[in-house]
Amino acid sequence: MSYDALEATRYYFDKAAKILDLPDDVSLQLKTPHREVQVECNIELDDGSIGTFIGFRVQHDNSRGPFKGGLRYHHHVDAEEVTALATLMTWKTAVVGVPFGGAKGGIQCKPWDLSPAELQRLTRKFVDGVYDVIGPTKDIPAPDMNTNAQVMAWFFDQYAKYRGYSPGVVTGKPVEMAGSLGRASATGRGAVLATLELLKTLGEDIAGKRIVIQGFGNVGSWAGRIYQGLGAKIVGISDITGGYVNPEGIDCEAAATHVAEHKSLEGFAAERIDGDAILTLDCDILVPAALGGQLTKDNARDVKATIIVEGANGPTTPEADEIFIERGIHVIPDIYANAGGVTVSYFEWAQNMQHFYWEEERVNNELERVMKKAFKSIHEVATKHSCDLRTAAFVLGIGRVWEATRLRGL
Ligand code: NAD
């Protein structure tokens, strides 16, 4: 793990718990994960040798509904990081009011070193290890870093071997395999909708805003394309290969096509800069949409943006967050800014349970309704307690989870 994600989520929890006046025993109950599973995944590699990988699933809370959260393939995945991300999911589903709890999973691996066949074997092996604790009314995984609709299709197929046809076991599936229209773009779209809501309160317009996006995967590339469609100028993007800059504006459609063809931005026609330098580039809005722990005490004072939209989970360390508050920079926190993904995952799950499928327009309209409603609630809490948006979102999410926990009883 590259930074202490768990310590960061606990820091934000404690800040909100103070405002909510939560007793210590309640805080401990809410912070403690319900179940942590670790599985050994042995697969045959293409060269005939054995590959051994460790997979995790942490189920943090299900007081408001089945556990829900993504599945990440990355070499930084470990028990602590997965626990931190599972905790964030609990508050996130509560903030947007979808009837799920929080979970997260991952496999410690370097997916870029694995062939599609190896990735498929690894995914199926992971399902073999966890199928008993997941399911459409128990725990529903979804894509996250380095997992996609294809991985969800393998997951769905392997689970079906144990439990029969159960499309609601995972979300983010291909549309051809009981997925939802609008799911692929949902997290990016949600981040854009969140930005529009904040801009409204500031009396500002998105058109003409200069935007920088770190990470040009699912979240970053969709956010970029949708911002661009609204008249904003994307002046910098980055991925694992580095930063790509154009003060006149990058065509995100062309960049997405380049990534689809070449697997990364390498070779994309724009000025090259160091990947880390993208975060402090001159712009109005910064969208970290890659890894956690990117905005730290070392670069927070150099950030030029006045608005930060957390497409990624946990991109801002607590020290950087305090600097942004002090500098009057508006941070739209991850547990709201990237909640468009889990919101449309909920729509996908609802469609799967009913075997009745929606048009994309309905998905996007419902997403807009949810994001607007959640922003209104966060903004009201922020105004009432004179606090920043992150603290307000945590107060809202934790408050709702605590209410459900209290109603259920011990
Ligand atoms: P992805 O795998 O599709 O894309 C990740 C991108 O980040 C890639 O472009 C990759 O090259 C880039 N990247 C990796 N390391 C980098 C580095 N050091 N510097 C710059 N770029 C780097 O992943 P994604 O699904 O877009 O997820 C991105 C973030 O958004 C993660 O934090 C994830 O937890 C969060 N998120 C995703 C979803 C979703 O629906 N996919 C939902 C909510 C939150």
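Just follow the structure's listing: the first ligand is 1, and inside any ligand the first atom is 1. Counting from 1, the numbers follow the sequence of the chain as shown. Any value given below was found using the heavy atoms of this structure, including those in side chains, with hydrogens, waters and symmetry copies removed.
- Between atom CD1 of residue Ile140 and atom OH of residue Tyr346 there is a gap of 11.0 Å, rounded to the nearest 0.5 Å.
- Residue-ligand proximity, Leu291 to ligand 1, at heavy-atom distances under 4.0 Å covers atoms 15 (N), 18 (N).
- Within the 4.0 Å heavy-atom shell around ligand 1 one does not find Glu266.
- Taking only nitrogen or oxygen atoms, main chain and side chain alike, Gly217 reaches within less than 3.5 Å of ligand 1.
- For the pairing with Thr90, the side chain to side chain contact (heavy atoms under 4.5 Å, CB included) check across Arg400, Lys68, Gln59, His60 returns one residue only, His60.
- Atom 11 (O) of ligand 1 has as its closest protein heavy atom Ile240 N, 3.0 Å.
- Looking at ligand 1, you'll find an N or O of Val219 within less than 3.5 Å of one of its N or O atoms.
- Ion pairing of Arg163 with Asp132 is present here, as a side-chain N (NZ or NE/NH1/NH2) and a carboxylate O approach within less than 4.0 Å.
- Taking any N or O of Lys92, backbone or side chain, none lies under 3.5 Å from an N or O belonging to ligand 1.
- Side-chain atoms of Glu310 come within 3.5 Å of backbone atoms of Asp334 as a donor-acceptor pair (strictly under, hydrogens ignored).
- Inclusion of Ala290 in the set of residues having an N or O under 3.5 Å from an N or O of ligand 1 is warranted.
- Note that CZ of Arg362 and CG of Leu367 are 13.5 Å apart. Values are rounded to the nearest 0.5 Å.
- Applying the ring pair (Phe, Tyr, Trp, His ring centres under 6.0 Å) test between Trp91 and each of Trp402, Phe13, Tyr336, Tyr12 identifies Phe13 as the sole match.
- An N or O contact shorter than 3.5 Å is missing between Lys104 and ligand 1 by distance.
- Taking any N or O of Arg72, backbone or side chain, at least one lies under 3.5 Å from an N or O belonging to ligand 1.
- Nearest residue to atom 2 (O) of ligand 1 from Asn146, Thr187, Leu279 is Asn146 (criterion: closest heavy atom).
- Residue nearest to atom 19 (N) of ligand 1, selected from His74, His76, Gln214, Met89: Gln214 (by heavy-atom distance).
- Between His34 and Phe67, the angle of the ring planes lies from 30° to 60°, which puts this pair in the tilted group.
- Salt bridge Glu380/Lys384: absent, no basic N to carboxylate O contact under 4.0 Å.
- Of the polar atoms of Phe216, at least one N or O is found under 3.5 Å from an N or O of ligand 1, judged by distance alone.
- Applying the salt bridge (Lys or Arg N to Asp or Glu O under 4.0 Å) rule to Lys104 yields the partners Asp144; only residues at least two apart in sequence or on another chain are considered.
- Taking a cut-off of under 4.0 Å to the non-hydrogen atoms of Asn338, the atoms of ligand 1 that pass are 43 (C), 44 (C).
- Within ligand 1, counting atoms from 1 as listed, the ones closer than 4.0 Å to a heavy atom of Ser238 are 20 (C).
- Here's the thing with Ala289: none of its N/O atoms is less than 3.5 angstrom from an N/O atom of ligand 1.
- Every atom of ligand 1 is numbered from 1 in the order shown, and the set under 4.0 Å from a heavy atom of Arg183 is 40 (O).
- Under the salt bridge (Lys or Arg N to Asp or Glu O under 4.0 Å) criterion, Lys125 pairs with no residue at all, not counting sequence neighbours.
- Side chain to side chain, Asn338 and Thr187 fail the donor-acceptor criterion of an N or O pair below 3.5 Å.
- Within the 4.0 Å heavy-atom cutoff, Gly275 does not count among the residues contacting ligand 1.
- Remark: among candidates Ile213, Val259, Asn313, the nearest residue to atom 36 (N) of ligand 1 is Asn313, based on non-hydrogen atoms.
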